[in-house]
2 protein chains.
Amino acid sequence: MSKLTPVQQKFILHWGEMGLKWGINRTVAQIHALLFISPKPLNAEQICDLLDVARSNVSTSLRELQNWKIVKVVHTMGDRRDHFESMKDAWEMFRVVLDERKMREIDPTVAMLRDCVAETEKPGAKDEYTRERLASLRDFFVTMSGWYDQVDQLPTSGIIKFVKMGDKLRKLFGGG
Amino acid sequence: MSKLTPVQQKFILHWGEMGLKWGINRTVAQIHALLFISPKPLNAEQICDLLDVARSNVSTSLRELQNWKIVKVVHTMGDRRDHFESMKDAWEMFRVVLDERKMREIDPTVAMLRDCVAETEKPGAKDEYTRERLASLRDFFVTMSGWYDQVDQLPTSGIIKFVKMGDKLRKLFGGG
DNA sequence: CTGGTATTTCAGTTTTAACAGAAACTACGA
DNA sequence: TCGTAGTTTCTGTTAAAACTGAAATACCAG
């Protein structure tokens with residue numbers, strides 16, 4: 001890690017902790033941070049070297065990042081080794097991560113809530129109140145998902161415009 | 001846990017796993033789930049009993065939930081024991097959680113990115129590319145934070161309206 | 001004060017996730 | 001089809017987080 005500048009170290013360490021708080025393995029997040037600030041794609045060996053983690057650990061972490069779709073393999077002429085590069089556009093990157101989390105976590109949660117509500121609707125069910133609460137939670141997720149699907153279809157430039165419209169929101173929706 | 005209906009168990013277990021994936025302790029999330037579907041506030045003893053976790057564990061988890069501001073203590077006449085209840089409105093609840101995460105995680109990240117960028121601007125700094133990347137990441141977070149602050153000021157009813165406007169988004173921002 | 005009840009803190013244990021190193025596998029050129 | 005460079009998988013170890021039970025503390029009523 002001492003082969004990196006102090007600023008690079010600071011960023012990578014912070015990003016690692018950040019990942020942890022959002023349920024991402026620390027090393028995975030660190031490797032992502034490293035690739036994010038690397039001007040050129042790096043191979044696994046270089047990553048080991050820069051972050052002092054075992055080869056195997058780098059290997060699994062890279063696979064993880066590829067599963068998240070924010071890191072891709074690149075090949076260069078005359079070098080058999082895989083090189084890895086991160087997406088560089090933050091807007092795209094977060095969109096991709098949100099897509100993935102929605103698919104992995106939100107959609108199954110909605111399904112679970114539907115199941116639960118359905119079960120409590122069977123005759124003789126003892127959990128009135130539970131049904132009511134879970135139904136409201138389901139509605140929340142469904143509404144949010146629908147909204148996200150819409151936003152997700154916008155081109156990045158559209159999202160940026162939309163996010164920057166800022167104070168117009170108050171005028172349009174501030175009245176409750 | 002067997003004192004709960006199957007549906008309740010299913011929900012609580014799922015919510016626990018969900019929490020885990022988002023960096024929340026499993027038991028903390030389970031207790032939250034339990035309180036969320038409980039028609040009445042529960043005391044610590046009852047929670048131990050329903051979820052089979054140690055008294056002390058319940059105690060710290062409840063404190064955690066109070067720190068997140070989604071669980072509150074309630075007192076009832078003629079009972080010295082603390083009773084706990086969860087927020088019940090999903091919209092409010094998620095707003096509160098996002099507020100907290102922004103404060104705990106996003107704001108410090110922006111500060112860190114500012115620091116890093118400032119350092120790389122010092123004369124003789126060796127990390128041109130790093131500066132460029134971190135500056136763009138900082139801009140992303142700043143823009144998103146600003147937007148969130150706006151949304152956050154809307155009353156819940158305004159947020160719901162806003163989220164439900166759905167397909168109008170395409171027309172307004174779809175052109176890039 | 002004193003005794004009883006409720007809650008929190010803390011030290012030690014258990015459980016889970018992360019990790020390293022070795023072995024296995026893969027792809028490819030000679 | 002052998003050798004080599006590269007990558008992944010697997011197994012045992014280590015480190016971190018979660019958890020328990022006991023002890024300490026707080027709170028209140030008499």
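First the proteins, then the strands, lettered A, B, ... as listed; each starts at 1.
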Q) Of the nucleotides C:dA20, C:dA18, D:dC19, which has the atom closest to the A:N25 side chain? A) C:dA18
Q | Rounded distance (Å) that lies between atom C1' of D:dC19 and atom CG of B:L62 | A | 15 Å
(Q) If I take atom CZ in residue B:R81 and atom P in nucleotide D:dC28, what distance separates them, rounded to the nearest angstrom? (A) 16 Å
**Q.** Side-chain H-bond candidate by donor/acceptor type, B:D127 with B:T120, under 3.5 Å
**A.** no
Q) Atom CG of A:N43 and atom C1' of D:dT8: how far apart are they, to the nearest Å? A) 16 Å
Q) Closer to the 5' end of DNA chain D via nearest nucleotide, is it B:V53 or A:R26? A) A:R26
Q. Does B:R26 pair with B:E17 as a salt bridge, N-O distance under 4.0 Å?
A. yes
**Q.** D:dG21 phosphate, OP1 or OP2, under 4.0 Å from B:N57 side-chain N/O
**A.** no
Q: Quickly work out the B:L20 CG to D:dA16 C1' distance and round it to whole Å.
A: 14 Å
Is there any protein nitrogen or oxygen under 3.5 Å from a nitrogen or oxygen in nucleotides 8-14 of chain C, and what are the pairs?
{"unit_1": "C:dT8", "atom_1": "OP1", "unit_2": "B:R63", "atom_2": "NH2", "d": "3.2"}
{"unit_1": "C:dT8", "atom_1": "OP2", "unit_2": "B:S59", "atom_2": "OG", "d": "2.9"}

Q: Whole angstrom is fine here: how far is it from CD1 in B:I47 over to P in C:dT7?
A: 10 Å
Q: Answer yes or no: is there an ion pair linking A:D99 with A:K69, defined by an N-O contact shorter than 4.0 Å?
A: no
(Q) In this structure, how many angstroms lie between the C1' atom of D:dC28 and the CE atom of B:M77, rounded? (A) 16 Å
(Q) Side chain of B:R80 only, heavy atoms from C-beta on: which candidate in D:dA17, C:dA20, C:dT5 is closest? (A) C:dT5
Q | A:L20 with A:F36, same ILVMFWY side-chain cluster at under 4.5 Å | A | no
Q.
From CD1 of A:I31 over to P of C:dA18, roughly how many Å is that when rounded to an integer?
A. 13 Å
Q. Would a line drawn from the ring center of B:F94 to the ring center of A:F141 be shorter than 6.0 Å?
A. yes
Q.
By the side chain to side chain donor-acceptor pair (under 3.5 Å) test, which pairs, at least two apart or in different chains, include something from residues 48-60 of chain B?
A. B:K3-B:D49
Q.
Would you say that B:W91 contacts B:I159 through its side chain, given a criterion of any heavy-atom pair below 4.5 Å between the two side chains?
A. yes
Q. What is the distance from CD1 of B:I24 to C1' of D:dA18, rounded to the nearest Å?
A. 14 Å
